[in-house]
2 protein chains.
Amino acid sequence: MLNMFGILEKPLITITNIIWSFDRTTKQLQVLLVKRAQPPYQNSWALPETFMRTQESADEAALRLIREKIGLNLSDFYTEQLATFTNQQRTSNERALSLAYMTFLPEMPALKAGYGALEARWFAFSAVQKRYCLSNRQLTFQTAAEASETAYYQALKQQQPDQHLAFDHEWILRLACQRIKNKLNYQPNILLVLGAQFTLKEARMIYAAFLGIKPSEIDNSNFKKTHKHLFKDIGISSSKQIGRPAKLYRLASNKVEF
Amino acid sequence: MLNMFGILEKPLITITNIIWSFDRTTKQLQVLLVKRAQPPYQNSWALPETFMRTQESADEAALRLIREKIGLNLSDFYTEQLATFTNQQRTSNERALSLAYMTFLPEMPALKAGYGALEARWFAFSAVQKRYCLSNRQLTFQTAAEASETAYYQALKQQQPDQHLAFDHEWILRLACQRIKNKLNYQPNILLVLGAQFTLKEARMIYAAFLGIKPSEIDNSNFKKTHKHLFKDIGISSSKQIGRPAKLYRLASNKVEF
DNA sequence: TTAATAAAAGTATTTGGTACTTTTATTTTT
DNA sequence: AAAAATAAAAGTACCAAATACTTTTATTAA
């Protein structure tokens with residue numbers, strides 16, 4: 001398509017979805033990765049992706065992705081937009097923008113790999129964080145000094161594929177961590193992975209992961225006081241465990257502001 | 001483009017840029033609107049837009065938009081991504097996704113309408129807020145209950161064009177307000193419109209606009225204490241005015257986290 | 001029955017937010 | 001030139017929240 005100023009871009013639209021859940025037995029936050037069946041980045045681990053189709057909104061595509069690629073048939077989850085990635089160097093062949101979403105599942109369902117994936121697997125977030133150095137590094141998006149993004153995409157080409165996530169997925173994950181951390185104090189949507197009821201210890205485990213500290217560094221008593229506006233005691237105690245049973249809480253509001 | 005599952009979408013990409021500045025004489029936050037020269041929404045006020053071209057990143061397109069449509073040739077400003085709008089009902093003809101950005105100008109330059117615009121004009125944000133009811137209404141994007149977004153796009157078709165901004169631009173602006181408000185306490189990028197040095201009164205004017213209160217309702221002394229981590233006293237006093245001269249401040253950090 | 005465990009519950013101290021008052025530096029008026 | 005008006009800086013006292021820490025309680029394991 002041409003107009004008097006140049007050729008308009010009509011790129012493919014990739015939907016990339018960071019899918020979070022929580023393992024109740026290990027009390028570990030989980031993130032879903034798939035092993036790619038086809039090139040590029042064949043056999044590499046990647047965030048689940050799909051191309052957007054005609055007659056479908058991005059949100060719908062994000063849901064279809066969950067169904068098709070991961071074999072999940074769920075009704076109860078929450079998806080929010082993360083950001084859109086437009087750098088030309090992010091793909092090598094035909095240009096594709098990536099609309100990144102985050103989905104929070106209130107349980108940790110069994111997975112089966114769908115089309116395009118050799119395998120779909122839950123990973124403990126702490127392991128992924130360590131493996132791919134998703135530290136709290138500041139990401140600057142200042143247009144005047146967008147050097148860091150440019151530098152990242154330059155370096156991307158030299159990477160060993162088997163030691164990294166496919167495409168710019170580490171960059172996307174890093175951004176997701178930053179976003180979740182920023183919202184921890186006013187809109188901790190990440191806690192939706194804890195489902196309808198949870199203990200404060202479980203909430204603390206998640207907070208600690210994004211704050212970059214050990215869970216033991218957060219005092220239970222103080223945590224309860226500081227976040228009492230976010231959690232509501234539902235008057236039930238947790239099931240059998242060593243020590244006094246923990247109370248169960250729910251999120252105070254499921255209204256989610258943008 | 002076809003694969004075994006269906007037809008992939010390759011939509012046009014619209015870059016929509018909300019451009020903010022500050023009028024030092026009236027101490028009013030300003031937002032830039034253009035009057036559309038061509039259909040659809042001919043003669044309606046709209047946020048500045050352009051189509052993305054090949055060989056150009058979305059960030060570059062956002063910058064080109066500033067140059068071409070508004071005749072600004074600036075080097076010193078900051079642009080950040082707001083969100084991406086993908087609803088099919090947002091355009092009537094060929095499908096177009098909109099990548100919305102926000103740009104903060106440290107001055108309020110004169111405008112000249114460029115290609116596609118009959119006029120480009122600065123509006124006092126307070127007037128725009130009132131005119132288009134950009135109140136603090138909660139916007140829910142819960143995928144399970146995305147009724148509000150769907151309802152919005154349904155209602156959009158019935159709107160009187162001359163009483164509203166073009167396309168879904170009121171929706172986009174409302175989201176921008178919400179985002180700015182949320183970031184006021186930890187990353188008030190909106191204050192970049194105040195330039196290299198500003199008085200606390202100027203900062204208070206902007207805070208008040210997004211908090212939905214009168215500037216007089218914010219106590220100067222307390223505001224200073226509460227936000228002292230964000231502002232740095234640069235030891236200079238403001239120029240001649242009635243009353244004791246205000247000190248000048250700068251933003252403590254121009255590092256911007258995502 | 002006792003020890004160990006883990007969380008609830010409570011306390012005391014420090015920090016930060018809020019409401020309010022006083023002081024100071026400037027312009028305008030007399 | 002002096003006094004009044006203005007607007008912000010600077011200070012104060014009080015209340016609420018965050019933090020560090022201790023005690024109590026409900027449970028399991030030995």
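Heavy-atom basis, side chains included; hydrogens, waters and symmetry copies ignored.
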For B:N222 and D:dA10, give me the distance from atom CG to atom P, rounded to whole Å.
15 Å

Which of residues 224-231 of chain B sit near DNA chain D, with a heavy atom under 4.0 Å from it?
B:K224, B:K225

Without decimals, in angstroms, what is the distance between B:F198 CZ and D:dA8 C1'?
16 Å

May I ask you to test the A:Y132-A:L165 pair for a side-chain heavy-atom distance under 4.5 Å?
yes

Checking contacts here: which listed nucleotide (D:dA9, D:dC21, C:dA7) is nearest the side-chain heavy atoms of B:R244?
D:dA9

Atom CD1 of B:I218 and atom P of C:dC20: how far apart are they, to the nearest Å?
16 Å

Check: A:Q81 side chain, A:T84 main-chain N or O, donor-acceptor pair, under 3.5 Å:
no

Taking the side chain as every heavy atom from C-beta outward, state whether A:L173 and A:L47 have any atom pair closer than 4.5 Å.
yes

Rounding to an integer number of Å, can you tell me how far B:E202 CD sits from D:dA8 P?
10 Å

Looking only at side-chain N and O atoms, does A:K247 come under 4.0 Å of OP1 or OP2 in D:dA26?
no

Distance, rounded to the nearest Å, where B:M205 contributes CE and D:dA7 contributes C1':
15 Å

Please figure out whether B:Y249 or A:S221 has its closest DNA chain D nucleotide nearer the 5' end.
B:Y249

Within a strict 4.5 Å, meaning less than it, do heavy atoms of the A:I180 and A:N182 side chains meet?
no

Under 3.5 Å, is there a donor-acceptor pair between the side chain of A:E202 and the main chain of A:K27?
no

Is the distance between the ring centroids of A:F125 and A:F210 under 6.0 Å?
yes

Protein-nucleotide distance (A:R204, atom CZ; D:dT19, atom C1'), rounded to Å:
15 Å

Nearest to side-chain heavy atoms of A:P245, which nucleotide of C:dT5, D:dT27, C:dT27
D:dT27

Atom-to-atom span, CG of B:D219 to C1' of C:dT18 - whole angstrom:
8 Å

Nearest-Å distance, CG (A:L248) to P (D:dT27)?
13 Å

Within the side chain of A:Y101, is there an N or O that forms a donor-acceptor pair under 3.5 Å with the backbone of A:L82?
no

For the side chain of B:N220 and the base of D:dA7, is some donor closer than 3.5 Å to an acceptor across the two?
no

Once you apply a heavy-atom cut-off of 4.0 Å, does B:T199 come out as touching a base, just sugar-phosphate, or nothing?
nothing

